[in-house]
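Here's the structure, in structure tokens; my notes come after.
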2 protein chains.
Amino acid sequence: MTSMTIGRLAAAAEVGVETVRYYQRRGLLAVPEPTHGQVRHYGDGALARLRFIRRAQQLGFSLDEIADLLGLDEHTDRNAARALAKEKLAQIDERMARLSAMRNALTELVDCCEHSSTAQPCPILHTLAHPDERQNAAYSKSIAAG
Amino acid sequence: MTSMTIGRLAAAAEVGVETVRYYQRRGLLAVPEPTHGQVRHYGDGALARLRFIRRAQQLGFSLDEIADLLGLDEHTDRNAARALAKEKLAQIDERMARLSAMRNALTELVDCCEHSSTAQPCPILHTLAHPDERQNAAYSKSIAAG
DNA sequence: CTTGACTCCGTACCTGACTACAGGCTTTAG
DNA sequence: CTAAAGCCTGTAGTCAGGTACGGAGTCAAG
């Protein structure tokens with residue numbers, strides 16, 4: 001099956017037809033000349049390229065970054081590829097750190113809410129409203145650090 | 001300083017004027033009636049509300065969720081607040097898990113790229129292009145799991 | 001030979017959280 | 001008094017990564 005219409009190509013890559021066209025507009029995928037008539041046909045190269053794009057997305061790369069990756073050569077551009085991957089890794093670490101700070105703050109607020117007297121106002125809402133009175137140190141500590 | 005114009009209010013909350021207006025359009029902040037003339041004036045309540053919004057954002061809540069939080073009462077709605085916080089916590093865990101899978105896959109690819117022979121094609125690009133030949137198990141393992 | 005599925009192309013819409021601008025009025029500093 | 005800064009309303013644009021739709025052409029099966 002070396003020749004498919006856009007619909008079959010999209011199905012094979014498990015993306016929508018509109019997505020394929022979108023990638024073409026973004027310059028990630030070539031638009032072949034129409035064979036006999038108006039309809040364009042795609043080969044295995046196009047399918048491989050679509051799969052490359054989807055896998056790179058799963059690793060966290062944006063479409064712009066994927067355009068860069070697609071421009072690299074397996075044999076001559078190892079350094080460039082590794083640099084992009086390391087940069088992405090750093091971005092992921094940053095995002096994880098931010099999420100981790102949120103997680104710490106929220107966890108402490110929830111714990112506090114679960115173990116404080118019912119007579120008191122809700123620690124979660126109260127801390128959001130008046131963090132300066134920090135009954136629970138969680139919020140200030142975790143967030144100020146991040 | 002119980003009465004400020006929108007500019008001073010925004011400055012005090014460290015957000016832009018346009019952001020304040022945006023929150024008003026979203027229904028997060030009341031639009032007061034203009035006092036003598038056309039200009040509207042805001043009190044400390046508005047400032048507290050803006051700060052609440054910003055802090056809740058830092059904890060990961062969306063503006064829609066913050067609208068819910070703002071509708072809760074510190075004294076009577078503890079359960080609701082805790083439920084929202086726990087739900088958010090679960091979402092954060094999910095996002096962290098996904099990031100962690102990416103991180104594992106990328107780390108292994110980078111390691112592999114650093115320690116494989118220069119004669120070979122770049123493991124990063126090669127795996128993206130042909131993951132089925134998995135020279136490095138990283139990608140398939142980490143991503144398939146997530 | 002018709003019907004229905006598919007393709008082509010262009011344009012508009014979606015989410016979320018802003019951000020910018022235009023055109024007119026008000027307030028304040030000098 | 002004047003000029004600059006600030007405020008008002010309303011509309012539109014930004015980013016990412018798509019998704020939807022309209023109208024016309026084309027292709028394959030029955």
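In what follows, every chain begins at residue 1, and chains take the letters A, B, ... in the order their sequences are listed.
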Set out, in order, the CA-CA distance, both residues' side-chain angles and the distance that settles side chain to side chain contact (heavy atoms under 4.5 Å, CB included) for B/Leu47 and B/Tyr42, then state yes or no.
CA-CA 8 Å; B/Leu47 178 54; B/Tyr42 300 83; over 6 Å; no

A/Asp68/A/Phe61 under side chain to side chain contact (heavy atoms under 4.5 Å, CB included): CA gap, chis, key distance, verdict:
CA-CA 10 Å; A/Asp68 292 345; A/Phe61 291 101; over 6 Å; no

Report the C-alpha distance between B/Arg103 and A/Asp93 in whole Å, list the side-chain angles of each, state the deciding distance to 0.1 Å, and finish with yes or no for side chain to side chain contact (heavy atoms under 4.5 Å, CB included).
CA-CA 8 Å; B/Arg103 213 199 106 90; A/Asp93 284 345; 2.5 Å; yes

Evaluate the criterion side chain to side chain contact (heavy atoms under 4.5 Å, CB included) for residue pair A/Ile66 and A/Leu63; output intermediate values, then yes/no.
CA-CA 5 Å; A/Ile66 292 170; A/Leu63 294 184; 4.1 Å; yes

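There is a path of hydrophobic side-chain contacts, each under 4.5 Å, that joins A/Leu106 to A/Leu99. With hydrophobic clusters built from ILVMFWY side chains whose heavy atoms lie under 4.5 angstrom apart, A/Val39 does not share a cluster with A/Val20. Side-chain heavy atoms closer than 4.5 Å link hydrophobic residues (I, L, V, M, F, W, Y) into clusters, and following such links, possibly through other members, connects B/Met4 to B/Leu28. The same ILVMFWY cluster, assembled from side-chain heavy atoms under 4.5 Å apart, contains both A/Ile53 and A/Leu72.
Here the nucleotide nearest the side chain of B/Ile6, chosen from D/dT19, D/dG18, D/dC8, is D/dC8.
Remark: A/Arg54 does not engage A/Glu14 in a salt bridge, criterion side-chain N to carboxylate O under 4.0 Å.
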Short heteroatom pairs, N/O only, protein and nucleotides 12-15 of chain D, under 3.5 Å:
none

Find every protein N or O atom lying less than 3.5 Å from an N or O atom of nucleotides 24-30 of chain D, and list the pairs.
| residue | atom | partner | partner atom | Å |
| --- | --- | --- | --- | --- |
| D/dC27 | OP1 | A/His36 | O | 3.4 |

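When the P atom of D/dG22 is taken as reference, atom CD of A/Glu18 falls 13 Å away, rounded to whole Å. When rounded to the nearest whole Å, the span between CD of B/Gln24 and P of D/dT11 equals 17 Å. D/dG17 atom C1' lies 12 Å from atom CZ of A/Arg54, rounded to whole Å.
The backbone N or O of A/Cys122 sits nowhere less than 3.5 Å from a side-chain atom of B/Arg82 that would complete a donor-acceptor pair.
Atoms CZ and CZ, from A/Arg95 and B/Arg95 in turn, are 8.0 Å apart once rounded to the nearest 0.5 Å.
Note on A/Thr19: every side-chain N or O is 4.0 Å or more away from OP1 and OP2 of D/dG18. One finds a side-chain N or O of B/Arg40 lying less than 4.0 angstrom from the OP1 or OP2 phosphate oxygen of D/dT9.
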If you write DNA chain C from 5' to 3' in dot-bracket form, with Watson-Crick or G-U pairs under 3.5 Å, [ ] for crossing pairs and | for pairs with another strand, what do you get?
||||||||||||||||||||||||||||||

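Contact annotation for B/Arg21: base contact, defined as any heavy-atom pair under 4.0 Å involving a base atom.
Under the salt bridge (Lys or Arg N to Asp or Glu O under 4.0 Å) criterion, A/Arg78 pairs with no residue, sequence neighbours left out. Every side-chain contact (heavy atoms from CB on, under 4.5 Å) that B/Glu94 has, sequence neighbours left out, goes to B/Arg98.
When each of A/Leu63 and B/His41 is assigned the nucleotide of DNA chain D bearing its nearest heavy atom, the one mapping closer to the 5' terminus is B/His41.
Interface limits on DNA chain C: the 5'-most and 3'-most nucleotides within less than 4.0 Å of chain A heavy atoms are C/dT7 to C/dC9.
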